[in-house]
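What you see below is based on every heavy atom in this structure, not just the backbone, and it leaves out hydrogens, waters and symmetry mates.
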Amino acid sequence: MTDLTHPVVWFYIPCAITWICFLISVGSPDRFIDYDWLWLLFRNMSPYFWSALGVALAVGMSILGAAWGIFITGSSLVGAAIRVPRITSKNLISVIFCEAVAIYGVIVAIILQTKIEPVSPGPNGVTYDKWAMASGYSIFGSGVTCGFANLVCGMCVGIVGSSCALSDAQNNSLFVKILVVEIFGSALGLFGVIIGIIMSGGVKWTA
């Protein structure tokens, strides 16, 4: 547990956050954070930045969730199999469920990547058309939705799969019952995939 009396917690972290906020203000003397500059920066960001970030989050967070789940359920499965070897073959289904979470993210990332189209900026050479900006935001939102849904799904499947392996080692009649819970946990990632695909369905880079 974190010691709240440690200087890192009550001194260094607040000082670091304060310094970062000061740097964000770009040296504006009349205000701590220059929100006008931040809004200008936000408006002039390329839609391709948001699109690439959405694709990266879709696949990255999904793989992170799958790896986290495999780590949790795999360590419990291997540890319990030392005493009860019979659980190894049946409980590999938990690892497969975790791996499916990464596959969800890869599929959505491929779909989002195929929706990115080349467009030119406006007359000033900086800002883009509203259709291009809306498309970038849609792909970003789709990637965030899918990525974080699969991250939580992978953690859920991993924890339930770990419990399934340990319970099966003690009583093999509990395997099917806990497997049902694991199936419902695995379905959570599909919700993020479905909503992400729907969000990216309206992408239209030009009028």
Could you state whether [X] and [Y] fall into the same hydrophobic cluster, counting links through intermediate Ile, Leu, Val, Met, Phe, Trp or Tyr residues with side-chain heavy atoms under 4.5 angstrom apart?
{"X": "Tyr137", "Y": "Met199", "answer": "no"}
{"X": "Val55", "Y": "Leu57", "answer": "yes"}
{"X": "Leu53", "Y": "Leu64", "answer": "yes"}
{"X": "Val193", "Y": "Ile107", "answer": "yes"}
{"X": "Met155", "Y": "Val144", "answer": "yes"}

Between [atom1] on residue [X] and [atom2] on residue [Y], distance to nearest 0.5 Å:
{"X": "Met45", "Y": "Phe140", "atom1": "CE", "atom2": "CZ", "value": "10.0 Å"}
{"X": "Glu99", "Y": "Ser94", "atom1": "CD", "atom2": "OG", "value": "13.5 Å"}
{"X": "Ser75", "Y": "Ile70", "atom1": "OG", "atom2": "CD1", "value": "11.5 Å"}
{"X": "Arg83", "Y": "Gln170", "atom1": "CZ", "atom2": "CD", "value": "9.0 Å"}
{"X": "Thr145", "Y": "Met61", "atom1": "OG1", "atom2": "CE", "value": "12.0 Å"}
{"X": "Lys177", "Y": "Asn171", "atom1": "NZ", "atom2": "CG", "value": "8.0 Å"}

Close side-chain approach of [X] to [Y], heavy-atom, < 4.5 Å:
{"X": "Ile111", "Y": "Ile197", "value": "yes"}
{"X": "Cys153", "Y": "Val157", "value": "yes"}
{"X": "Phe97", "Y": "Ile183", "value": "yes"}
{"X": "Tyr104", "Y": "Ser186", "value": "yes"}
{"X": "Ile139", "Y": "Trp50", "value": "no"}
{"X": "Val119", "Y": "Asp129", "value": "no"}
{"X": "Ser142", "Y": "Leu112", "value": "yes"}
{"X": "Val152", "Y": "Phe148", "value": "no"}

Leu92 vs Leu77, test: side-chain contact (heavy atoms from CB on, under 4.5 Å). Steps then yes/no. CA-CA 8 Å; Leu92 285 177; Leu77 175 60; 4.1 Å; yes
Atom of [X], atom of [Y] and distance for their closest heavy-atom approach:
{"X": "Thr73", "Y": "Gly158", "result": "CB-O, 3.6 Å"}
{"X": "Met133", "Y": "Pro47", "result": "SD-CD, 3.7 Å"}
{"X": "Ile178", "Y": "Ser163", "result": "CD1-O, 4.2 Å"}
{"X": "Leu166", "Y": "Ser76", "result": "CD2-O, 4.2 Å"}
{"X": "Asn150", "Y": "Ser62", "result": "ND2-OG, 2.9 Å"}
{"X": "Val108", "Y": "Cys146", "result": "CG2-SG, 3.6 Å"}

Look at the side chain of Tyr48 and the backbone N and O of Glu117, then say whether any donor-acceptor pair between them is shorter than 3.5 Å. yes
Step by step, would you call Leu179 with Ile93 a side-chain contact (heavy atoms from CB on, under 4.5 Å)? CA-CA 9 Å; Leu179 186 62; Ile93 189 68; 3.8 Å; yes
Are Lys115 and Ser200 close enough, and set up right, to give a side-chain contact (heavy atoms from CB on, under 4.5 Å), and what steps lead you there? CA-CA 8 Å; Lys115 291 183 176 293; Ser200 65; 3.7 Å; yes
For the pair Val101 and Ile63, evaluate side-chain contact (heavy atoms from CB on, under 4.5 Å) and give the outcome as yes or no after the intermediate values. CA-CA 7 Å; Val101 174; Ile63 292 176; over 6 Å; no
